[in-house]
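To find a chain, count down the sequence lines: A is the first, B the second, and so on, and within it residues start at 1.
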Amino acid sequence: MLQINYIRDNKATIVKLLAIKNFDASIIIDEIINLDDRRKSTQKELDDSLAKSNKLAKEIGGFYKTGQRDKAEDAKAQSSELKFIAKELEQKLDTIVTGLNDKLIELPNVPHESVPRGNSDEDNELLYEEGTIPKLYKDAIPHWELASRYGIIDFDLGSKVTGAGFPFYKGKGARLQRALINFFLDEALDQGYLEYQPPLLINSDSGYGTGQLPDKEGQMYYIGEDNLYLIPTAEVPITNIYRNVILKESDFPIKNVAYSNCFRREAGSYGKDVRGLNRLHQFDKVEIVQIQHPNKSYETLELMKEQIASLLRKLELPFRVVRLCGGDLSFTSALTYDFEVYSAAQKMWLEVSSVSNFENFQANRMKLRFKDKNGKSKLAHTLNGSALALPRIVAALLENNQTQEGIVIPEALRSYTKFDLIN
RNA sequence: GGAGAGUUGGCAGAGUGGUCGAAUGCGGUGGUCUUGAAAACCAUUGAUCCUUCGCGGGAUCCAAGGGUUCGAAUCCCUUACUCUCCGCCA
């Protein structure tokens, strides 16, 4: 959510930048400013009327003490009248504020100036590509076939027990997952992150705080009985730690990391790209979250980007980094880099990480602030990134590292897996 | 699931209808003292909104929402959450 004063002061810029996201803000911004004007004037009227009746109430107390009953009765009558007016003004104000919030929630975050125009992932800007794409032997097979050949992931069993998109990992498959999780967490700890194990279910306030609600309600599993949602990413619980929190400037940067299961309904996304591990309803992810001073958030975003690149290097996976175009950028993000690894048998680039700066968009929703040098409260900036999402990493590792003898585990992982070949 | 107790400022904890945005302690900040620090002492220390160039002024907030009253942290209702005991259970 954008700040109302920011909107008032930067109307033209916002309209211009939101056009990059293919969002026409011109009308809604005028509506917002208009509503805010009405909010202010109504508030003033209400405050004045309350001020009068507060004054009267105090006088009444005095009248009773000094035994001036008549004066007290007079003042009471006046006060009742004021109260009636205040009641009406309150209702009016309430209607205006609700209307204003409804409009504010519809406004997406303003993209960073470096975000390219575009409609879909085809218009994303390729920043660089790194690593070498492996040359596979001629009978190389995609990961879902490797998974069953070596008995390490069982999709059918998942379908039986739960449904499509909920695989079982077993034997070396399960151990590989566990190794990757520990590897990712340890790498983050080396970078100074604090490890969390968050709840996997969240309430609606939290969903609203990070922007999943009301925008992407249908993407989360919902437990109606208890009014809770399964988390689509650890970003939600980890960032919401700071909902309604006022930090000190010296608290920055806050660096948190969490491993969690992630649950996504992926409604309406069935089709060719969802085979095997490519798209699941439940998957594992290590997520990094930072809360930063507004002046330093872009610097931090670059560091997080570099941190993620380093993980992929250590895993010896060929990858590329893209800057998302306006059309592909999420509702809440100002700037997002996607990391994609090349999965050699599918001959496809698979997104394994998304690292974003939300600036103060999430912070404004959840009232995450800090005291600046002058003692003023200001909104902090929030950032997060996957480091990394497991399934597609596993897919790429299996496909790229397959040999006639089996699947070779990259050097960096062997101390975690305690085996160097899946065969 | 059953029964009971509770929710007050960063924390602890007073406050049961009238000048209470809220005692007190701790913590935080600034200062005095000190070579420096600690201790001690002094001062200061919540958030949001409106208004003002500024000084300042006004409004709201004691879990949330509603009600009673001229006036509510205090009384009533609803909801959420927390704790204790019992039951169940990893």
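Comparing B:rG31 with B:rU84, their P atoms sit 45 Å apart, to the nearest whole Å. Here, B:rA39 and B:rC33 have their C1' atoms 11 Å apart, quoted to the whole Å. A distance of about 42 Å separates the C1' atoms of B:rA38 and B:rG54, rounded to the whole Å. For the C1' atoms, the distance linking B:rU44 with B:rG58 amounts to 24 Å, nearest Å. Separation of the C1' atoms belonging to B:rA12 and B:rG71 is 31 Å when rounded to the nearest angstrom. Remark: the separation of the P atoms in B:rG6 and B:rG15 is 13 Å, to the nearest Å. For the P atoms, the distance from B:rG18 to B:rG56 is 31 Å, rounded to whole Å. Spacing of P atoms, B:rU82 relative to B:rU8, comes out at 14 Å, to the nearest Å.
Between A:K40 and A:D47 no salt bridge is recorded (no basic side-chain N to carboxylate O distance below 4.0 Å). With respect to A:R275 and A:E145, no salt bridge is recorded, no charged nitrogen being found less than 4.0 Å from a carboxylate O. With salt bridges taken as basic N to acidic carboxylate O contacts below 4.0 Å, none links A:D48 and A:K52. Between A:E90 and A:K87 no salt bridge is recorded (no basic side-chain N to carboxylate O distance below 4.0 Å).
Between A:R39 and B:rC50 there is a side-chain N or O to OP1 or OP2 distance below 4.0 Å. Taking 4.0 angstrom as the limit, A:N54 places none of its side-chain polar atoms (N or O) nearer than this to OP1 or OP2 of B:rG71. Taking only side-chain nitrogens and oxygens, A:K40 never comes nearer than 4.0 Å to OP1 or OP2 of B:rG58.
Across every strand in view, B:rA5 sits in a pair with B:rU82 that passes the Watson-Crick or G-U test at under 3.5 angstrom. B:rA90: no Watson-Crick or G-U partner with both key distances under 3.5 Å is found in any strand. The partner of B:rU29 is B:rA43, by the rule that a Watson-Crick or G-U pair needs both atom distances under 3.5 Å. Under the Watson-Crick and G-U wobble criteria, each requiring two contacts below 3.5 Å, nucleotide B:rC70 is paired to B:rG18.
Atom P of nucleotide B:rG71 and atom CZ of A:F63 are separated by 16 Å, given to the nearest angstrom. In this structure, the CZ atom of A:R38 is 17 Å from the C1' atom of B:rC50, given to the nearest Å. Rounded to whole angstrom, the span from the NZ atom of A:K367 across to the C1' atom of B:rU48 amounts to 9 Å.
Closest-nucleotide positions on RNA chain B for A:N5 and A:A51 were compared, and the one nearer the 5' end corresponds to A:N5. Across the interface with RNA chain B, nearest-nucleotide mapping of A:K58 and A:L46 shows A:K58 to be the residue nearer the 5′ end.
Which of B:rC49, B:rU51, B:rC70 sits closest to the side chain of A:K44 comes down to B:rU51. Out of B:rC50, B:rU48, B:rC70, the shortest distance to the side chain of A:I60 is found at B:rC70. Distance from the side chain of A:K87 is smallest to B:rG67 among B:rG71, B:rG67, B:rC50.
Between the side chains of A:E187 and A:Y193, no donor-acceptor pair of N or O atoms lies under 3.5 Å.
At the heavy-atom level, A:A75 lies nowhere under 4.0 Å from the strands shown. The residue A:K378 sits apart from the nucleic acid: no heavy atom pair falls under 4.0 Å. Note on A:L50: only backbone sugar-phosphate atoms sit closer than 4.0 angstrom, heavy atoms only; bases stay farther off. Across all strands shown, A:K83 has heavy atoms under 4.0 Å from base atoms, whether or not it also approaches the sugar-phosphate. Looking at heavy-atom distances under 4.0 Å, A:D48 makes no contact with the nucleic acid at all. In this structure, A:S377 reaches the sugar-phosphate backbone alone: every heavy-atom distance under 4.0 Å involves primed, P, OP1 or OP2 atoms, never a base.
For the atom pair CG of A:L56 and CD of A:Q78, the computed distance is 5.5 Å after rounding to the nearest 0.5 Å.
Cation-pi geometry between A:R365 and A:Y208 is met: the NZ or CZ atom falls under 6.0 Å from the ring centre, inside 45° of the normal.
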